[in-house]
Trainee: 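Before I ask anything, let me first share the structure, which is written out below as structure tokens.
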Amino acid sequence: MSGIENVIIIGSGPAGYTAALYTARANLHPLVIEGFAWGGLLQQTTDVENYPGFVDGVMGPELMQSFRDQAERFGARLLTDQAERVELASEPGGLHKVWVSGTEHRARTVILSMGAEHKKLGVAGEEELAGRGVSYCATCDAAFFKEAPTLIIGGGDSAMEEAIFLSKFASKVTLVNRRDEFRASKIMLDRASQQPNIEFLTPYRVEEFVVGGGGTLGHAKVVNTETGEEREIPAAGTFIAIGHEPQSELVRGQIDLDEGGYVVTDGRSTRTNRPGVFAAGDLVDHTYRQAVTAAGSGCQAALDAEWYLRDTPEVPALAGMPAGDPATAQWAPAADVA
């Protein structure tokens, strides 16, 4: 068992590393349990052209390495391992417990930033062509497919939003849905239907993504779910919009979650229903899901944790207990930086 930490951050990605940067600069010596697949979904992304400050764009893994290095530079301690269990205190000032590889870590505050994973189709060629024609975010990647034929896979509001956005760039958008009915709201379905270059293909499911020239996506094989008819749809890009899975299982039963499994926070803050526990990034956000918004919420979580430590006295029974090495410094306010 380690000493008492000021802050434990579970997860990494833009939210986790930004929270680590801010809490480190506040002299809180955060412990970041970053996971084995540190860096989040951006580790699976090639060109990132919409993150502010990178005029010529940046590779996703390179961007996350910079996030990580910056947090570490200011004193964040990185533990490349998985949190396996948590026990969250229910009273203000209580200690939260996090177990990693059998070792118990205790902290006055915890920031949750485990992110979310794209739901995948699980068909042949999907993994091989990820980042080479198969994508999960039209907002991120639509500009790479100007005047090219593309596909959207899905039938909900997210699929309609992706299709409408993609239609501004692509020559044609074929929206493939396995049923004749759509889960999307009428207003979103109507908006998509009004775009002249969006075509609906139902009831079809994707069987395989096939490599074309240059090692990128060439076409998708689809099958009619009622007749068994097979078709090949040429596509330079495919966007899979069947939802996300927030990685909230670790805290299920202790933290309030919505029906989709996303962590519920208090208003515009990052506070959860447990005192001293905060949540940020895609674990909370099922609307925007962008690197820049995740980083912003990581900043918010760090400030919320900092203010909680400032305003919440420790439980008297814990006074005098040793702090985790090197988390021996007392709380000090962070410098106000733009």
Trainee: Just by distance, do the side chain of Glu126 and the backbone of Gly122 share a donor-acceptor pair under 3.5 Å?
Mentor: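 Checking the backbone N and O of Gly122 against the side chain of Glu126, a donor-acceptor pair under 3.5 Å is found.
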
Trainee: Would you check, one step at a time, whether the test side-chain contact (heavy atoms from CB on, under 4.5 Å) holds for Cys137 with Gln290?
Mentor: CA-CA 9 Å; Cys137 178; Gln290 298 296 302; 3.9 Å; yes

Trainee: Give a yes or no answer on whether the side chain of Glu87 reaches the backbone of Lys97 with a donor-acceptor pair at less than 3.5 Å.
Mentor: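 Not confirmed, Glu87 side chain does not pair with Lys97 backbone.
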
Trainee: Would you tabulate the side-chain donor-acceptor contacts of residues 141-155 under 3.5 Å, counting partners in other chains and residues two or more places apart, or write 'none'?
Mentor:
from: Asp141; atom 1: OD2; to: Ser135; atom 2: OG; distance (Å): 2.7
from: Thr150; atom 1: OG1; to: Lys172; atom 2: O; distance (Å): 3.0

Trainee: What's the separation between atom OG1 in Thr270 and atom CG in Leu303, rounded to the nearest 0.5 Å?
Mentor: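 One gets 8.5 Å once the value is rounded to the nearest 0.5 Å.
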
Trainee: Would you say Phe54 and Leu63 make side-chain contact, with heavy atoms under 4.5 Å?
Mentor: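 They are in contact (side-chain heavy atoms under 4.5 Å apart), so the answer is yes.
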
Trainee: Is it the case that Gln65 and Asp69 place a side-chain donor and acceptor less than 3.5 Å from each other?
Mentor: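 Distance-only check passes for Gln65 and Asp69.
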
Trainee: Looking only at heavy atoms, which two atoms of Thr216 and Gly213 are closest? And how far apart?
Mentor: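 Heavy-atom minimum between the residues: OG1-O, 3.2 Å.
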
Trainee: Compare all side-chain heavy atoms of Glu230 with those of Lys221 and state whether any distance is below 4.5 angstrom.
Mentor: no

Trainee: Kindly write out the residues that satisfy ring-ring contact (aromatic ring centres under 6.0 Å, His included) with Tyr204, not counting sequence neighbours, or none if the list is empty.
Mentor: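 ring-ring contact (aromatic ring centres under 6.0 Å, His included) check on Tyr204 returns nothing, list empty.
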
Trainee: How long is the span from the SG atom in Cys140 to the CG atom in Leu42, to the nearest 0.5 Å?
Mentor: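 The distance works out to 8.0 Å.
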
Trainee: Which value, rounded to the nearest 0.5 Å, describes the distance between Ile9 atom CD1 and Phe278 atom CZ?
Mentor: 11.5 Å

Trainee: Are Val173 and Phe169 connected in the hydrophobic side-chain network, where two residues link if heavy atoms are under 4.5 Å apart?
Mentor: no

Trainee: Could you measure the distance from the CD atom of Gln70 to the OH atom of Tyr17? Nearest 0.5 Å is fine.
Mentor: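 Reported value, rounded in 0.5 Å steps: 12.5 Å.
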
Trainee: Would you find a donor on one side and an acceptor on the other, under 3.5 Å apart, between the side chain of Thr174 and the backbone of Glu199?
Mentor: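 Not at all, since once roles are kept as given, no pair shorter than 3.5 Å links the two residues.
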
Trainee: Without swapping roles, check the side chain of Ser66 against the backbone of Glu62 for a donor-acceptor pair under 3.5 Å.
Mentor: yes

Trainee: Kindly give the heavy-atom pair with the smallest separation between Ala295 and Tyr51, and that separation in Å.
Mentor: CB-OH, 3.7 Å

Trainee: State the CD-CE distance between Glu249 and Met114, to the nearest 0.5 angstrom.
Mentor: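 Separation between the atoms: 10.0 Å.
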
Trainee: Could you list the donor-acceptor pairs under 3.5 angstrom formed by side chains in residues 236-248, with sequence neighbours left out?
Mentor:
from: His244; atom 1: ND1; to: Arg289; atom 2: NE; distance (Å): 3.4
from: His244; atom 1: NE2; to: His118; atom 2: ND1; distance (Å): 3.1
from: His244; atom 1: NE2; to: Arg289; atom 2: NE; distance (Å): 3.3
from: Gln247; atom 1: NE2; to: Glu245; atom 2: O; distance (Å): 2.7
from: Ser248; atom 1: OG; to: Gly261; atom 2: O; distance (Å): 2.6

Trainee: Got a second to check how far Asn6's CG is from Asn27's CG, nearest 0.5 Å?
Mentor: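 The distance works out to 8.5 Å.
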
Trainee: Considering all heavy atoms of both residues, which atom of Ala89 and which atom of Pro275 are nearest to each other, and what is their separation?
Mentor: O-CD, 4.1 Å

Trainee: So do Leu112 and Leu250 actually touch side chain to side chain, heavy atoms under 4.5 Å?
Mentor: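 Leu250 vs Leu112: side chains apart.
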
Trainee: Grouping I, L, V, M, F, W and Y whenever their side-chain heavy atoms are under 4.5 Å apart, do Leu283 and Val264 come out in a common cluster?
Mentor: no

Trainee: For Asp256 and Asn273, indicate whether the former's side chain and the latter's backbone hold a donor-acceptor pair under 3.5 Å.
Mentor: no

Trainee: Establish whether Ile8 and Val86 are linked, either directly or via other cluster members, by ILVMFWY side-chain heavy-atom contacts under 4.5 Å.
Mentor: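 Same cluster.
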
Trainee: Main chain of Ala20, side chain of Thr23: is a donor-acceptor contact present, judged purely on distance under 3.5 Å?
Mentor: yes

Trainee: Answer yes or no: is there a side-chain heavy-atom contact under 4.5 Å between Val210 and Glu232?
Mentor: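 The answer is no; the side chains never approach within 4.5 Å.
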
Trainee: So if you build clusters from Ile, Leu, Val, Met, Phe, Trp, Tyr with side-chain heavy-atom gaps below 4.5 Å, do Leu79 and Ile10 land together?
Mentor: yes

Trainee: Under 4.5 Å between side-chain heavy atoms, counting indirect links through other Ile/Leu/Val/Met/Phe/Trp/Tyr residues: same cluster for Ile255 and Tyr262 or not?
Mentor: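 No, because Ile255 and Tyr262 fall into different hydrophobic clusters, even though each may have its own neighbours under 4.5 Å.
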
Trainee: Restricting to side-chain contact (heavy atoms from CB on, under 4.5 Å), what partner residues turn up for Arg205, sequence neighbours left out?
Mentor: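 Arg205 satisfies side-chain contact (heavy atoms from CB on, under 4.5 Å) with Arg178, Glu207, Val223, Thr225 once adjacent residues are dropped.
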
Trainee: State, with a plain yes or no, whether a side-chain heavy atom of Thr139 is found less than 4.5 Å away from one of Tyr288.
Mentor: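 Answer no - side chains too far apart.
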
Trainee: Can you find a pair of side-chain heavy atoms, one from Leu189 and one from Lys186, that are under 4.5 Å apart?
Mentor: no

Trainee: Any chance you could lay out the side-chain contact (heavy atoms from CB on, under 4.5 Å) test for Trp38 and Leu78, step after step, and finish with the verdict?
Mentor: CA-CA 10 Å; Trp38 60 266; Leu78 308 179; over 6 Å; no

Trainee: Return yes if a side-chain donor-acceptor contact under 3.5 Å exists between Ser185 and Asp157, otherwise no.
Mentor: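 Yes, a side-chain donor-acceptor pair sits under 3.5 Å.
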
Trainee: So Ser193 and Phe200, side-chain contact (heavy atoms from CB on, under 4.5 Å) or not? Walk me through it.
Mentor: CA-CA 8 Å; Ser193 301; Phe200 296 96; 3.5 Å; yes

Trainee: When you measure from the side chain of Glu208 to the backbone N and O of Gly125, does any donor-acceptor pair fall under 3.5 Å?
Mentor: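 No; judged by distance alone, with no hydrogens or angles, the pair does not exist.
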
Trainee: Glu5 and side chain to side chain donor-acceptor pair (under 3.5 Å): which single residue from His29, Arg77, His96 fits?
Mentor: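 Of His29, Arg77, His96, side chain to side chain donor-acceptor pair (under 3.5 Å) with Glu5 is met by Arg77 alone.
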
Trainee: Less than 4.5 Å apart, any side-chain heavy atom of Leu175 and any of Met160?
Mentor: yes

Trainee: Which pair of heavy atoms, one from Gly298 and one from Thr18, lies closest together, and at what distance?
Mentor: C-CG2, 4.2 Å

Trainee: How close do Ile111 and Ala305 get, counting heavy atoms only, and between which atoms?
Mentor: CD1-CB, 4.1 Å

Trainee: The criterion is side chain to side chain donor-acceptor pair (under 3.5 Å); which residues satisfy it with Asp81, sequence neighbours excluded?
Mentor: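 For Asp81, the residues satisfying side chain to side chain donor-acceptor pair (under 3.5 Å) (neighbours in sequence not counted) are Ser101.
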
Trainee: Ignoring hydrogens, what is the shortest heavy-atom contact between Met64 and Gly39? Give both atom names and the distance.
Mentor: CG-O, 3.4 Å

Trainee: Please collect all disulfide bond (SG atoms under 2.5 Å apart) contacts where either partner lies in residues 169-258, sequence neighbours excluded, each pair once.
Mentor: none

Trainee: Given Leu309 and Thr109, is the side-chain contact (heavy atoms from CB on, under 4.5 Å) satisfied, shown in steps?
Mentor: CA-CA 8 Å; Leu309 290 169; Thr109 63; 3.7 Å; yes

Trainee: Any donor-acceptor pair under 3.5 Å linking the side chain of Arg106 with the backbone of Leu95?
Mentor: no

Trainee: For Gly93, is there any backbone N or O sitting under 3.5 Å from a side-chain donor or acceptor partner on Tyr308?
Mentor: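 Looks like yes, one N/O pair under 3.5 Å.
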
Trainee: Is there a side-chain contact between Asp180 and Glu226 (heavy atoms, below 4.5 Å)?
Mentor: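 They are in contact (side-chain heavy atoms under 4.5 Å apart), so the answer is yes.
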
Trainee: Has the side chain of Asn224 got a donor or acceptor atom that lies under 3.5 Å from a matching backbone atom of Glu229?
Mentor: no

